[in-house]
Amino acid sequence: MQLNGQSQTDVTVPDEFDSAQAKVVYLYLHVWPDSTADDLCGALGINKGTVLSIVRTLRKQGYVERVDGRYRLS
């Protein structure tokens with residue numbers, strides 16, 4: 001897959017993700033790292049409270065990190 005001139009590798013979503021929204025957030029951050037909560041909300045159509053809850057859970061599980069208000073996969 002090509003995006004913005006860059007080749008993207010295949011990604012596997014961890015099996016322990018039960019939430020479809022968590023899976024979508026994970027995949028979004030794979031393609032667009034260093035995204036803000038507002039980026040996620042706008043692109044995915046998920047309200048901000050839900051996005052913040054999802055990324056908080058993914059951070060606790062060690063899948064996502066937050067740097068300067070932006071999220072990316074760990």
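Just so it is clear, the values below take in all heavy atoms, side chains as well, and ignore hydrogens, waters and symmetry mates. Residues: numbered from 1 along the sequence shown.
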Interatomic distance, Leu52 atom CG to Asn47 atom CG [nearest 0.5 angstrom]: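 The CG atom of Asn47 is 9.0 Å from CG of Leu52, to the nearest 0.5 Å.
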Salt bridge (charged side-chain N to carboxylate O under 4.0 Å, His left out) pairs, two or more places apart, involving residues 17-30: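 Pairs touching residues 17-30 that pass the test: none.
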Pairs involving residues 59-68, ordered by first then second residue, that meet salt bridge (charged side-chain N to carboxylate O under 4.0 Å, His left out) (sequence neighbours left out):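 Every pair satisfying salt bridge (charged side-chain N to carboxylate O under 4.0 Å, His left out) with a residue in residues 59-68: Glu65-Arg72.
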Is there side-chain contact between [X] and [Y], with at least one heavy-atom pair below 4.5 Å?
{"X": "Leu29", "Y": "Leu40", "value": "yes"}
{"X": "Gln21", "Y": "Leu44", "value": "no"}
{"X": "Asp39", "Y": "Tyr28", "value": "yes"}
{"X": "Leu27", "Y": "Val11", "value": "yes"}

Contacts of type ring-ring contact (aromatic ring centres under 6.0 Å, His included), residue Tyr26, not counting sequence neighbours: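 ring-ring contact (aromatic ring centres under 6.0 Å, His included) list for Tyr26, sorted by chain: Phe17.
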Heavy-atom pair with the smallest gap, counting every atom of Ala22 and Ile54: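 Minimum heavy-atom separation between Ala22 and Ile54: CA-CG2, 3.8 Å.
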For the student: nearest non-hydrogen atoms of Asp38 and Lys48, plus distance: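 Nearest pair, atom of Asp38 first, then Lys48: OD1-NZ, 3.1 Å.
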Test item: Ser53 side-chain N/O and Gly49 main-chain N/O as donor-acceptor pair under 3.5 Å: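 No.
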